[in-house]
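These notes concern the structure reproduced below.
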Amino acid sequence: MSESPQLYSQLENLLAWRFQLKRYRLSPQQKLIASKGGYQQAVRKGRGMAFLEVREYTPGDEIRHIDWKVSARTQKPHTKVFAEELETPVICVIEQTPPLFFGSNVRFKADQALNLMAILGWISLHSGDRFGGAVFNHLTHQWLEPKHQLKTLMYFLQQAIDLQSQLNSPGQSQSTHWTTQLAQCQKRLRPGSRLILIGDFIHQPPNFIQQLRQLKKHTDITLIHISDPIEKHLPDQGVL
């Protein structure tokens, strides 16, 4: 990939990450899960999301899973069996607001944020997990339901680029942007999901931390703060 300065992200650069990350995983536990048909499922059978089959009832089976219609037709008790899905929904919420429209070396922070989103997306798909989430700027936002589909990730990347293209100058964003997004996430997240937040988290209101604590009770949360070297070490130019 080119290291020349650029203002906006290029889709071809985000797609290029696909072929560099096939051996990477978000967690080592996923290596223990059997892969079948492109989706990761448990080797054992049990109560889960996907219906597997109907078989004769055996002692120890859950009575609530008895298929009464089949049992009446065959005159023998039958129970439903489900395949337990162990894939982890990965929810990525990414910021494309004016504070990220800045960079002193190589690329803007908004571009770097999309690179990280693309990397996480490709790794999630290679791992058999669903990937989706939200992207927002100072004007609007887009939500994509997590799916294990290439077209979903590509659409997510394109939506992020479109929102990034609405940036034209650095500046401050409203302190309510992140708290609004977290409130929406709290309505959509399922227990066991992995939530990854990417952006500039400076100047957040007090309830931002409170929302994170609430989400942390049922969700694995990772914050990735996008910063620039010049923000940590200002140049010696007198009084600024």
Item to check | Audit row: F108, F101, side-chain contact (heavy atoms from CB on, under 4.5 Å) steps and yes/no | outcome: CA-CA 6 Å; F108 276 20; F101 196 69; 3.7 Å; yes

Checklist entry - For W178 and F136, what are the C-alpha separation, side-chain angles and deciding distance, and is it a ring-ring contact (aromatic ring centres under 6.0 Å, His included)? => result CA-CA 9 Å; W178 271 110; F136 68 94; 5.0 Å; yes

Checklist entry - When you look at T219 and R194, which way does the side-chain contact (heavy atoms from CB on, under 4.5 Å) test go after all the steps? => result CA-CA 6 Å; T219 308; R194 172 172 291 171; 6.0 Å; no

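With values rounded to the nearest 0.5 angstrom, Q10 atom CD is found 11.0 Å from L114 atom CG. L150 contributes atom CG, which lies 5.5 Å from atom CE of M154 (distance to the nearest 0.5 angstrom). The CD1 atom of I209 lies 12.5 Å from the NZ atom of K216; values are rounded to the nearest 0.5 Å.
Summarising the geometry of M117 relative to I198, their closest heavy-atom pair is N-CD1, 4.0 Å, with the distance given to 0.1 Å. Considering all non-hydrogen atoms of both residues, N168 and Y8 come closest at CA-OH, 4.2 Å. The heavy-atom pair separating D200 from E231 by the smallest distance is OD2-OE2, 4.5 Å. The two residues V90 and I196 make their nearest non-hydrogen contact at CG1-CD1, 4.0 Å. Annotation for L163 and N137: closest pair O-ND2, 3.1 Å, computed over non-hydrogen atoms. Taking both residues in full, the closest heavy atoms of D67 and V70 are given as OD1-N, 3.2 Å, listed atom of the first, atom of the second, then distance.
Proximity of Q214 to Q211: side-chain heavy atoms (C-beta onward) are nowhere separated by under 4.5 Å. Within the 4.5 Å cutoff, side-chain heavy atoms of I226 are placed close to those of L116. Under the 4.5 Å side-chain criterion, counting only non-hydrogen atoms from C-beta, L212 is in contact with L223. You'll find the side chain of H218 stays beyond 4.5 Å of the side chain of R190, heavy atoms only.
No more than 12 heavy atoms of other residues, nucleotides or ligands shown are found within 6.0 angstrom of CD1 on I63. Summarising the local packing, NE2 of H203 is surrounded by 12 or fewer heavy atoms from other residues, nucleotides or ligands at distances under 6.0 Å. Counting non-hydrogen atoms of neighbouring residues, nucleotides and ligands closer than 6.0 angstrom, the CD atom of Q172 reaches no more than 12 such neighbours. Residue-environment remark: CZ (F201) exceeds the threshold of 12 foreign heavy atoms within 6.0 Å.
A tilted orientation is assigned to the rings of F131 and F156, their planes being inclined by 30° to 60°.
For the pair E95 and K109, the salt-bridge criterion is not met [side-chain N within less than 4.0 Å of a carboxylate O].
In this model, a donor atom of one side chain and an acceptor atom of the other lie less than 3.5 Å apart for S9 and D111. Residues D228 and S104 have side chains that bring a donor and an acceptor to within less than 3.5 angstrom of each other.
Residue V54 forms a side-chain contact (heavy atoms from CB on, under 4.5 Å) with just one option from H65, K69, H78, and that option is H78.
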